[in-house]
Protein chains: 2
Amino acid sequence: MTNRRDAVREILVHSEGFRSAQDIYAQLRADGAKIGLTTVYRALQALADNGQVDMLRTDDGESVYRACATGTHHHHLVCRRCGRTVEVAGPAVERWAETVGAEHGFTAITHTVEVFGTCPSCTAIKSAG
Amino acid sequence: MTNRRDAVREILVHSEGFRSAQDIYAQLRADGAKIGLTTVYRALQALADNGQVDMLRTDDGESVYRACATGTHHHHLVCRRCGRTVEVAGPAVERWAETVGAEHGFTAITHTVEVFGTCPSCTAIKSAG
DNA sequence: CCGATTTTGACAACGGTTTTCATTTTAGCG
DNA sequence: CGCTAAAATGAAAACCGTTGTCAAAATCGG
């Protein structure tokens, strides 16, 4: 049943930024849920297939997930210090990706775009410290 | 000594697109080189640290490397079938990234942009087979 | 309640990467 | 050249996130 899957999604919905599978699993167990790591992975995959969560790879190859507002295509602006995430729509990038692909005769264009930066709060902290 | 490291770089310099460590290792061995996988990894890390090669993660978490023409900032259009790579400059994306970052008060903006598609040759193959 | 189907989860397997550590190679020096 | 210290090398083990296996448990349909 989808009990466990909902539990997994709940975690994501109530999370600020991206979470890893292991991370979610740990929190679920800490919350007292009886769930296995395998099921967390399966739930995450199902959710990602459904477009209910976004998935991306961190620089060290770990998959991280985030519940997104809609199934609409969008990108992320992620604070590299606190992990805070803002969803950003980028018609310009979509078009650019399509264009450069087409210019070189490529078809079935997809693209990954992630923007990293330091958010306002963390910028303040940094300059203070 | 940097003998092995040069061998690794040679492979990359003479390669069209991104290559994986294991891939490079296999070619080196096929070429008759006496080199270990460990050394290939170490060479690749050193090269990447030096900025002599670009490194990125594929969607399935594998690290792939490529010798780049210059240290100039650019992106890649990668054929998801044969791995053929085209370097593309994208002033539009650069500006877009800066803009969305700034809009949300983020500083020290960086971005990762990779475009994937099926190259002309592979598109032909696909429709043929 | 009963059997069929799906879901679950402990555990093993997998695959790429990194570490370990003993051996080999190189550099410095007389 | 011979010697020693330091660096590089590579085979194998360790790591770690992820995926597969398979038997047990939950759920559905009748």
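Below, chains carry the letters A, B, ... as their sequence lines are ordered, and counting in each starts from 1. Only a predicted model underlies this, so the values are computations on that prediction, with no experimental measurement involved.
- Applying the side chain to side chain donor-acceptor pair (under 3.5 Å) rule to B:Q22 yields the partners B:Y41; only residues at least two apart in sequence or on another chain are considered.
- When the side chain to side chain donor-acceptor pair (under 3.5 Å) test is applied to A:D60, the partners found at least two apart in sequence or on another chain are A:T58.
- Residue B:R4 has a polar side-chain atom (N or O) positioned under 4.0 Å from OP1 or OP2 of D:dG10.
- Between the C1' atom of D:dG17 and the CE atom of A:M55 lies a distance of 11 Å, rounded to the nearest Å.
- Nucleotide D:dG17 holds its C1' atom 9 Å from the CG atom of A:L37, rounded to whole Å.
- Rounded to 10°, the angle separating the first-five-pair axis and the last-five-pair axis of the helix from C:dC1-D:dG30 to C:dG30-D:dC1 equals 20°.
- Rounded to whole Å, the distance from OH on A:Y65 to C1' on D:dG17 is 10 Å.
- A salt bridge does not link A:E10 to A:R5: none of the charged nitrogens lies less than 4.0 Å from a carboxylate oxygen.
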Exercise. Please lay out, stage by stage, how A:L44 and A:L12 fare under the test side chain to side chain contact (heavy atoms under 4.5 Å, CB included).
Key: CA-CA 10 Å; A:L44 252 10; A:L12 285 175; 3.9 Å; yes

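- Note on A:S20: nothing from the nucleic acid sits closer than 4.0 angstrom, heavy atoms only.
- One atom, NZ of A:K34, and another, P of C:dG9, lie 10 Å apart when rounded to the nearest Å.
- One atom, OH of B:Y25, and another, C1' of D:dT9, lie 12 Å apart when rounded to the nearest Å.
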Each nucleotide N or O in nucleotides 11-15 of chain C that has a protein N or O under 3.5 Å away: list the pair and distance.
unit_1	atom_1	unit_2	atom_2	d
C:dC11	N4	A:T38	OG1	3.2

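- Between B:D60 atom CG and D:dT19 atom P there is a gap of 10 Å when expressed in whole angstrom units.
- Screening residues 96-124 of chain B for ring pair (Phe, Tyr, Trp, His ring centres under 6.0 Å), with sequence neighbours left out, gives B:H73-B:H111, B:H75-B:H111.
- Qualifying side-chain contact (heavy atoms from CB on, under 4.5 Å) partners for B:T38, counting only residues two or more places apart in sequence or in other chains: B:R42.
- In the region residues 39-49 of chain A, proximity to DNA chain D at under 4.0 angstrom, judged on heavy atoms, holds for A:Y41, A:Q45.
- In this structure B:H76 satisfies the ring-ring contact (aromatic ring centres under 6.0 Å, His included) test together with B:F18, B:H74, sequence neighbours excluded.
- Judged as a side-chain contact (heavy atoms from CB on, under 4.5 Å), and not counting sequence neighbours, the contacts of A:R9 are A:D6, A:V13, A:L47, A:Q52.
- Residue pairs meeting the salt bridge (Lys or Arg N to Asp or Glu O under 4.0 Å) criterion with at least one partner in residues 21-40 of chain B, sequence neighbours excluded, are B:R19-B:D23.
- Contacts of B:L28 classified as side-chain contact (heavy atoms from CB on, under 4.5 Å), with partners at least two apart in sequence or in another chain: B:A7, B:V8, B:I11, B:I24, B:A33, B:I35, B:V40.
- Distance CG (A:L28) to C1' (C:dT8): 13 Å, rounded to an integer number of Å.
- Atom CG in A:D6 sits roughly 14 Å away from atom C1' in C:dT7 (whole-Å rounding).
- Taking B:T99 as the reference, nothing meets the side chain to side chain donor-acceptor pair (under 3.5 Å) condition, with sequence neighbours excluded.
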